[in-house]
Protein chains: 2
Amino acid sequence: MFQPQVVLDRSSPVPLYFQVAEQLERAIRDGDLVAGDRIANEVAWADQLGVSRPTMRQAIQLLVDKGMLVRKRGVGTQVVQAPIRRTVELTSLYDDLRRTGHHTTTDVLDLALVPADEGPATRLGCPVGTPVWRLERVRRVDGQPLALMRNHVPASVTDLGDVDFTATGLYELFRTRAIHLRVAHQTICARLADRRESRLLGVKVADALLTMERTSYDDSGRAVEHADHLYRPDLYSYETTLVDR
Amino acid sequence: MFQPQVVLDRSSPVPLYFQVAEQLERAIRDGDLVAGDRIANEVAWADQLGVSRPTMRQAIQLLVDKGMLVRKRGVGTQVVQAPIRRTVELTSLYDDLRRTGHHTTTDVLDLALVPADEGPATRLGCPVGTPVWRLERVRRVDGQPLALMRNHVPASVTDLGDVDFTATGLYELFRTRAIHLRVAHQTICARLADRRESRLLGVKVADALLTMERTSYDDSGRAVEHADHLYRPDLYSYETTLVDR
DNA sequence: CAGTGGTCTAGACCACAGT
DNA sequence: CTGTGGTCTAGACCACTGT
């Protein structure tokens with residue numbers, strides 16, 4: 001039974017289970033462990049690393065949740081025969097693109113404090129007429145328009161008045177203001193572009209677009225933001241890994 | 001601190017943590033606990049229910065993963081201010097629709113054992129030319145065409161030759177044959193319908209469609225199925241709940 | 001049968017948030 | 001400071017799988 005080298009630093013502030021998961025994940029990505037390989041059982045791992053079994057379980061569970069490992073009772077734990085794609089996380093498109101090294105720019109079409117219409121109000125769970133910030137942007141990647149993004153943020157959450165959204169993403173801003181997004185509900189669909197949208201996104205009129213509606217909640221369970229985004233399907237797709245538990 | 005009534009049955013085969021999570025979830029859905037409510041702390045719960053703290057944690061974690069609760073260190077655990085939608089699970093459209101009480105029918109357009117083309121072979125991780133079952137269906141809801149579904153299943157996984165897919169879903173079939181889907185990778189996008197697709201789905205030519213590509217892996221990490229589906233965006237959208245951990 | 005993961009206990013110490 | 005969740009230990013028994 002192959003056991004990749006795992007070294008723990010007990011003086012590190014990084015939790016033990018996370019250190020284990022990290023190094024196991026690297027072993028899989030580097031190909032030290034390949035599809036279908038069975039890894040040693042939990043007890044053996046715990047023994048070898050000098051951690052308790054629950055801690056080792058937690059490490060393995062992290063990778064199971066990421067879709068990289070599969071557990072079968074009475075059998076063992078195996079590496080999934082699958083190309084590892086990024087799992088869906090609670091990040092913004094801006095973060096995604098910057099991380100992958102693309103040059104992104106943003107055109108701000110609209111930023112204003114307005115009374116909430118029925119749509120945004122319903123989604124944010126606030127009364128119609130509540131002051132909300134309305135933000136509309138076009139996101140470009142290497143010059144090409146990629147997404148047309150409309151967002152609403154209740155004025156009670158934070159003040160967007162002085163923010164330069166050509167330089168800062170909305171989610172990045174939330175982080176700097178200690179607003180921690182924790183849960184989001186998304187609906188993804190498709191529809192045809194209208195005249196304005198096709199012009200802004202540089203596609204033909206009546207071309208297909210990917211639509212994404214999202215409401216995000218922070219760590220006190222409060223609705224913080226509603227997004228209504230349109231993506232060019234030739235430049236963007238939505239990838240997820242599903243895991244049955 | 002409000003604590004809904006939770007009753008445990010220690011003789012039940014249902015794990016304790018699951019019994020707790022179930023009843024807590026019901027309390028939230030029934031409105032006994034509402035958005036923003038703080039629930040009692042883990043130790044108090046464990047004490048009252050007579051279970052250990054790790055068990056209670058596991059119960060709460062289940063609901064956190066579902067996006068119904070939010071934990072904050074030093075503060076407590078709160079109910080998320082969000083409409084509860086179904087979280088994404090590893091189920092088929094057929095299951096989804098049957099569960100919501102709709103009348104679904106299926107037209108089988110094609111079911112054949114063929115050598116794998118490059119596309120399906122790549123996705124399934126098998127050599128080009130490997131025998132695979134090719135299945136093409138139209139799913140209807142209350143008579144209306146909803147989805148055009150093309151699936152590929154390696155012949156080595158199971159025999160689809162005698163299956164009546166007008167009466168049985170593919171995922172349902174897998175379950176009856178003890179093939180347990182555990183991980184899937186999905187890509188969701190949009191494109192225009194071509195002539196054949198628009199005819200089969202009952203939409204205008206060059207109408208927008210939602211596309212879904214999915215590869216599923218079973219509990220030994222083996223690629224079991226590749227799906228290439230097209231959905232009518234007026235009848236179907238893809239909803240998810242994202243949770244940051 | 002032996003080996004595996006699934007569940008559970010009864011504690012412990014720590015980091016962080018709010019008072 | 002107190003109270004909270006985050007991490008961790010060192011065991012235990014059980015259910016399921018494959019031989």
Side-chain angles (χ1 to χ4, degrees), chain A residues 1 3 8-22 24 37-65 69-80 178-180 182 218-221 243-245, chain B residues 1 3 8-22 24 37-65 69-80 178-180 182 218-221 243-245:
Chain A
M1 195 61 64
Q3 283 186 251
L8 297 181
D9 174 5
R10 300 195 84 104
S11 69
S12 160
V14 178
L16 291 177
Y17 76 90
F18 196 85
Q19 292 184 40
V20 177
E22 247 178 343
L24 220 43
D37 276 1
R38 250 184 61 201
I39 67 172
N41 70 59
E42 299 176 352
V43 179
W45 274 105
D47 225 51
Q48 188 197 303
L49 296 178
V51 300
S52 69
R53 188 182 158 203
T55 300
M56 194 58 220
R57 269 188 74 78
Q58 199 176 355
I60 292 176
Q61 187 61 47
L62 209 62
L63 299 186
V64 170
D65 289 345
L69 295 178
V70 178
R71 284 205 265 225
K72 245 193 304 188
R73 187 195 314 219
V75 179
T77 303
Q78 290 176 302
V79 178
V80 170
I179 297 167
H180 304 110
R182 292 291 280 275
D218 73 358
D219 52 12
S220 48
V243 179
D244 194 18
R245 296 214 263 170
Chain B
M1 196 60 64
Q3 284 185 250
L8 296 181
D9 173 5
R10 300 195 83 104
S11 69
S12 160
V14 178
L16 292 176
Y17 76 90
F18 196 85
Q19 292 185 39
V20 176
E22 245 178 346
L24 220 43
D37 276 1
R38 252 183 60 201
I39 67 171
N41 69 61
E42 300 175 350
V43 179
W45 275 105
D47 224 53
Q48 187 197 303
L49 296 178
V51 300
S52 69
R53 189 183 157 203
T55 300
M56 194 57 219
R57 269 188 74 77
Q58 199 176 355
I60 291 176
Q61 188 60 48
L62 209 62
L63 298 186
V64 170
D65 289 346
L69 295 178
V70 179
R71 283 206 266 226
K72 249 193 303 189
R73 187 195 312 220
V75 178
T77 304
Q78 290 176 304
V79 179
V80 170
I179 297 167
H180 303 111
R182 291 292 280 275
D218 74 357
D219 51 12
S220 48
V243 178
D244 194 17
R245 298 217 262 169

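These figures come from a predicted structure and were not determined experimentally. Convention: sequence-line order gives letters A, B, ...; per-chain numbering from 1. What's counted below: heavy atoms across the whole structure, side chains too, no hydrogens, waters or symmetry copies.
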Chemist: Do we see a donor-acceptor contact under 3.5 Å between the side chains of B:Gln61 and B:Arg71?
Modeler: yes
Chemist: Output the pairing pattern of DNA chain D as a dot-bracket string, 5' first, Watson-Crick or G-U wobble with both distances under 3.5 Å, | for cross-strand pairs, [ ] for crossing pairs.
Modeler: ||||||||||||||||||.
Chemist: Of all the choices, D:dG5, D:dT7, C:dG5, which nucleotide is nearest to the side chain of A:Pro15 once you look at every atom?
Modeler: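 Nearest to the side-chain atoms of A:Pro15, counting from C-beta on, is D:dT7.
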Chemist: Given atom CZ of A:Arg57 and atom P of D:dT7, what is their separation to the nearest angstrom?
Modeler: 16 Å
Chemist: Between A:Gln58 (CD) and C:dG6 (P), how many Å, whole number?
Modeler: 14 Å
Chemist: Can you build the contact string for nucleotides 9-19 of chain C? Use B for base contact, S for sugar-phosphate-only contact, and - for no protein heavy atom under 4.0 Å.
Modeler: BB-B--BBS--
Chemist: To the nearest 0.5 Å, how far apart are CD in B:Glu42 and CG in B:Asp47?
Modeler: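 If we round to the nearest 0.5 Å, B:Glu42:CD and B:Asp47:CG are 13.0 Å apart.
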Chemist: Where each residue is assigned the nucleotide of DNA chain D containing its nearest heavy atom, which of A:Phe18 and B:His180 is assigned the position nearer the 5′ end?
Modeler: A:Phe18
Chemist: Does B:Tyr17 have a side-chain nitrogen or oxygen under 4.0 Å from the phosphate oxygens OP1 or OP2 of C:dT7?
Modeler: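 Yes, such a contact exists.
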Chemist: Once you round it to whole Å, what is the distance between P of D:dT17 and CZ of A:Arg38?
Modeler: 14 Å
Chemist: Would you indicate whether the side-chain heavy atoms of B:Val64 and B:Val70 approach each other to under 4.5 Å?
Modeler: no
Chemist: Check the distance between D:dT4's P and B:Ile39's CD1 and give it to me in whole angstrom.
Modeler: 11 Å
Chemist: Nearest whole angstrom, please: distance from the P of D:dT7 to the CD of B:Gln61.
Modeler: 9 Å
Chemist: Do any side-chain nitrogens or oxygens of B:Asn41 fall under 4.0 Å of OP1 or OP2 in D:dT4?
Modeler: yes
Chemist: Looking at side-chain heavy atoms only, is the closest gap between B:Asp9 and B:Gln19 below 4.5 Å?
Modeler: yes
Chemist: Nearest 0.5 angstrom please: A:Gln58 CD to A:Arg53 CZ, how far?
Modeler: 13.5 Å
Chemist: Rounded to whole Å, please give me the gap between CG in A:Asp47 and C1' in C:dG3.
Modeler: 15 Å
Chemist: Does a side-chain N or O of B:Arg71 approach OP1 or OP2 of D:dT4 to a distance below 4.0 Å, or not?
Modeler: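 For D:dT4, neither OP1 nor OP2 has a side-chain N or O of B:Arg71 closer than 4.0 Å.
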Chemist: In Å, rounded to the nearest 0.5 Å, how long is the span from CG of B:Leu62 to CZ of B:Arg57?
Modeler: 13.0 Å
Chemist: From CZ of A:Arg182 over to P of D:dG5, roughly how many Å is that when rounded to an integer?
Modeler: 12 Å
Chemist: Under 3.5 Å, is there a donor on one side chain and an acceptor on the other for B:Asp219 and B:His180?
Modeler: yes
Chemist: Return the set of residues passing salt bridge (Lys or Arg N to Asp or Glu O under 4.0 Å) with A:Arg73 (not counting sequence neighbours), or none when no residue passes.
Modeler: none
Chemist: Between D:dG6, C:dT7, C:dG6, which one does the side chain of A:Glu42 approach most closely?
Modeler: C:dG6
Chemist: Less than 4.5 Å apart, any side-chain heavy atom of A:Val20 and any of A:Leu49?
Modeler: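 The answer is yes, as the side chains (C-beta and beyond) meet within the 4.5 Å cut-off.
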Chemist: Measure the distance from CD on B:Gln78 to P on D:dT4 and round it to the nearest whole Å.
Modeler: 13 Å
